[in-house]
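Encoded as structure tokens, the structure appears first; notes follow it.
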Amino acid sequence: MAKDDLSGKLAVILHADVAGSTQLVQQDEQLAHERIRDAFRRFSVTIEKYHGRVQELRGDALLAEFERASDAVTAALAFQLDHHEHLEKINDDIQPKIRVGIALGEVVIADSTVTGAGVVLAQRVEQLAEPGGLCITSAIHEALPNRLPLSIESLGEQTLKGFDEHVRVYQVQLGSGESVPSPQQKSHHQVKPKNWWQRTAIVVAVLVVVSGIGYWSKYSLPQEEPVSIERMAFPLPDKPSIAVLPFTNMSDDPKQEYFVDGMTEDLITDLSKISGLFVIARNSTFSYKGKPVKVRQVAEELGVRYVLEGSMRRDGNQVRINAQLIDAITGGHLWAERYDGSIDNVFELQDKVTRQIVTALAVNLTTDEDELRGKGKTNIPEAYDAFLQGRAHFRQNTRKDIAFALDYFNRAVELDPNYTHAFAAISQVYTVATSRSWHVRLGWCRAPYRAESFLQLSMKNPTALTHRAASLLRSHQGRHKEALEEAAKMMVLDPNDAENFDVLGEALVWAGRPEEAIEAYEKAMRLDPHYPAQYLEGVGIAYFNTGQIEMAEEALARARNLNPSIAAWTHIAVLGLLGRKDEATAIHEQYLKLRKLRHYSVDKVVGWYPYKRREDVERLGSGLIKAGFCCQDRLEQYLTTTPRAQESFTRLGC
């Protein structure tokens, strides 16, 4: 086709793609591609019969141009009818269903590619069609002659991405008992619109579409400003790297925020289980929540190539997800899609998004990764909803919220007694509450025992969270070998989770392997560049246990600048060893004020840390002695006569 054939020209554009192509490819890649190619080959033949021209055929999408709206619509219906009969003869589930959208608009050629507002509009309209269905714009509708035996239903005015004005869209089917018209003889005279005002409506509609809308680069999936590799905070990983931004809550009810956030977090979790990806942690991506950030900024600050953004709407039992994947290096969009379903199949919607990302980034799932992604989850929407609300409270990290979290997690397992992921969350709640002495004020006298019992329930079908909870509990029980074994299992199931590296680092610290712990925390901080203070606390304690006191002080000071309520006693011990007694005293006073305490038993402090090595306990005690908060005799007495805290963790009660 000559370069100027379409330049500056209004045309009828047909855009078609395969609904759910990712799922088809996942079942049998070769067979799916063969059937998709065959479908588009037959569609191309039909398009030519109806005087259309196929301009592009790429993967699971087809683009064609017609001179007459009637030819485009009848070609689409003729193909859909033939294709439906073709699919009925297939006995398996690999059945490519084609969606079609038809629009009138301007098209151009840029770099041998057909682009323009008309192409974009046809694409947007096609995404509104059902699998095997056809949607058209009002301009196409008005151009259709009355003779066509069609059943046309208005879908109302639609808001389409890239278009300021609403676009009225229609769903088109063949009339009941009717046959598809044969191709009309090509004529230089267009079929006239139904009357003069309809002709005017077409002109107005085209002007609305074309006015201010020039080219694909601006109005398809808007080109983002490419990142500067030199300005990236971190080198790009050696595998596809992605940040999933918190989806926008488009629901009328702002109370659905927990649901949208929970779905986003689960998407991050599902992706992090794939070893072929590098996935930024939820903590970092959610730091952009509610902020007008650009893709370039996110990619440069987090050191990733790809960014996923989107929105979600929950209306009663219905859920709609809009998502788009952007290559920050080029600024281009790899795909954009809308997913509709009910709360009953919300897990299928999650799976569709995950699989499309994996396909777009050309990452191969191992058999184990594919099988384990849904392990330990629930098929009961109400249980999932309760779990999301519980997790939202747990994230707040306060005594009050952790109590609310427990209520919701308990509700989840009541609704689904096989929800092992929720049992792991309950175990983690009890362990955290006990380690922070919250269980006393909450009246959870049997919290240490409950942590163990709910962990055993989760072990019936363990997830990565199960092994994380187990590693945390075993460390506090002084069962260090088991803690590391559980951490290893956790990392196999979820190798990209920053929180897993944090728990691994903690297990290594208590087990007397601080150098390895530092490496784990550094990996956690790369996955979570906006990392929480507790990661720095772990680094500081690990440096302290290697004897690198200056390095320990630097890390602990930074941690306490972020969160003054943590790392106090280790920081006091470090300052004691450095001879900075006044600073240690100031931290002690701040600690008592924050905790609303008059005094605190130093004996309890020394024994609370579940160290395996005596030398680590002695170093801590020595620092506290030099800071003025302990004496050598009391320390020796404690070490020789008092059971270590990690040995008595499960006996702690009210």
Side-chain angles (χ1 to χ4, degrees), residues 237-239 268-283 365-377 420-421 423-428 430-432 435 451-452 454-528 531 534-535 537-539 541-542 545-546 609-613 616 646 649-650:
D238 57 2
K239 52 187 175 182
I268 295 172
T269 300
D270 283 347
L271 291 172
S272 73
K273 294 175 182 176
I274 301 170
S275 58
L277 290 176
F278 180 93
V279 185
I280 292 294
R282 172 215 185 269
N283 179 70
L365 285 175
T366 67
T367 302
D368 288 343
E369 288 170 346
D370 200 24
E371 292 177 351
L372 291 173
R373 283 188 309 114
K375 186 177 182 181
K377 294 186 178 181
T420 56
H421 202 61
F423 281 122
I426 294 174
S427 176
Q428 191 173 27
Y430 280 125
T431 299
V432 170
S435 68
E452 183 67 49
F454 280 99
L455 176 62
Q456 295 308 315
L457 289 171
S458 184
M459 282 293 183
K460 293 179 180 179
N461 187 20
T463 66
L465 182 60
T466 303
H467 296 298
R468 183 196 300 175
S471 180
L472 193 65
L473 181 58
R474 297 292 176 254
S475 283
H476 283 287
Q477 292 172 335
R479 297 158 64 175
H480 300 291
K481 181 181 178 181
E482 294 174 60
L484 291 173
E485 290 173 348
E486 294 294 341
K489 295 175 183 177
M490 165 190 73
M491 298 308 301
V492 169
L493 294 178
D494 201 341
N496 274 293
D497 194 312
E499 292 183 42
N500 286 351
F501 279 105
D502 173 40
V503 171
L504 172 61
E506 186 173 343
L508 289 165
V509 163
W510 305 140
R513 294 159 61 177
E515 293 86 358
E516 296 172 68
I518 293 171
E519 293 180 11
Y521 283 119
E522 287 176 345
K523 291 177 180 177
M525 290 188 283
R526 176 61 185 95
L527 286 163
D528 191 355
Y531 47 80
Q534 70 190 55
Y535 293 7
E537 177 188 24
V539 170
I541 295 174
N545 292 346
T546 64
Y609 292 93
Y611 285 121
K612 177 181 180 181
R613 300 189 304 186
D616 293 329
Q646 65 266 33
F649 180 88
T650 55

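This one's a predicted model, so the numbers in the text were calculated from it and none came from an experiment. Just so it is clear, the values below take in all heavy atoms, side chains as well, and ignore hydrogens, waters and symmetry mates.
- Residue N461 holds its CG atom at 11.5 Å from CE of M459, rounded to the nearest 0.5 Å.
- Of all heavy-atom pairs spanning F423 and L457, the tightest one is CE2-CD1, 3.6 Å.
- Within a 6.0 Å radius of NZ in K460, no more than 12 heavy atoms belonging to other residues, nucleotides or ligands are found.
- One finds the CG atom of N283 at 11.5 Å from the CG atom of L527 (value rounded to the nearest 0.5 Å).
- Considering only heavy atoms from C-beta on, T420 comes within 4.5 Å of T463 through its side chain.
- Note that CD1 of I541 and CD of E537 are 4.5 Å apart. Values are rounded to the nearest 0.5 Å.
- Using modelled atom types, one finds a donor on one side chain and an acceptor on the other under 3.5 Å when comparing Q477 with E452.
- Here the side chain of D494 pairs no donor or acceptor atom with the backbone of N500 at under 3.5 angstrom.
- Across all non-hydrogen atoms, the minimal contact from A498 to A281 is CB-CB, 3.8 Å.
- Within the 4.5 Å cutoff, the side chain of M490 has no heavy atoms near those of the F501 side chain.
- A donor-acceptor contact shorter than 3.5 Å links the side chain of S475 to the backbone of S471.
- With rounding to the nearest 0.5 Å, the separation of CG in D528 from CG in D502 is 9.5 Å.
- Scanning both residues, L493 and P462, for their nearest heavy atoms gives CD1-O, 4.5 Å.
- For R282, the salt bridge (charged side-chain N to carboxylate O under 4.0 Å, His left out) partners two or more places apart in sequence, or in a different chain, are E265.
- Rounding to the nearest 0.5 angstrom, the gap separating the CG atom in L484 from the CZ atom in R474 is 13.0 Å.
- Shown here are the side chain to side chain contact (heavy atoms under 4.5 Å, CB included) partners of A542, two or more places apart in sequence or in another chain: V509, P514, A517, I518.
- Legend: residues meeting salt bridge (charged side-chain N to carboxylate O under 4.0 Å, His left out) with D497, ordered by chain and number and at least two apart, are R468.
- Although no hydrogens or angles enter the test, the distance criterion places no donor-acceptor pair under 3.5 Å between the side chain of K489 and the main chain of T466.
- Pairs of residues two or more places apart, or lying in two chains, that qualify as side chain to side chain donor-acceptor pair (under 3.5 Å) and include a residue from residues 508-523 are E506-W510, R513-E516.
- A distance-only check finds a donor-acceptor pair linking the side chain of S272 to the backbone of T269 [under 3.5 Å].
- Contacts of K481 classified as side chain to side chain contact (heavy atoms under 4.5 Å, CB included), with partners at least two apart in sequence or in another chain: E485.
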Step-by-step side chain to side chain contact (heavy atoms under 4.5 Å, CB included) determination, E499 to Y535
CA-CA 9 Å; E499 292 183 42; Y535 293 7; 3.9 Å; yes
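- Taking each heavy atom of G276 and K239 in turn, the nearest pair found is O-CB, 3.7 Å.
- The distance from atom OG of S458 to atom NE2 of H467, rounded to the nearest 0.5 Å, is 8.5 Å.
- Shown here are the side chain to side chain donor-acceptor pair (under 3.5 Å) partners of D616, two or more places apart in sequence or in another chain: R613, R619.
- Here the side chains of I426 and Y430 are in contact, with some heavy-atom distance below 4.5 Å.
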I'd like to know whether V279 forms a side chain to side chain contact (heavy atoms under 4.5 Å, CB included) with I274, so could you lay out the CA-CA distance, the side-chain angles of the two residues, the decisive distance to 0.1 Å, and finally the verdict.
CA-CA 9 Å; V279 185; I274 301 170; over 6 Å; no
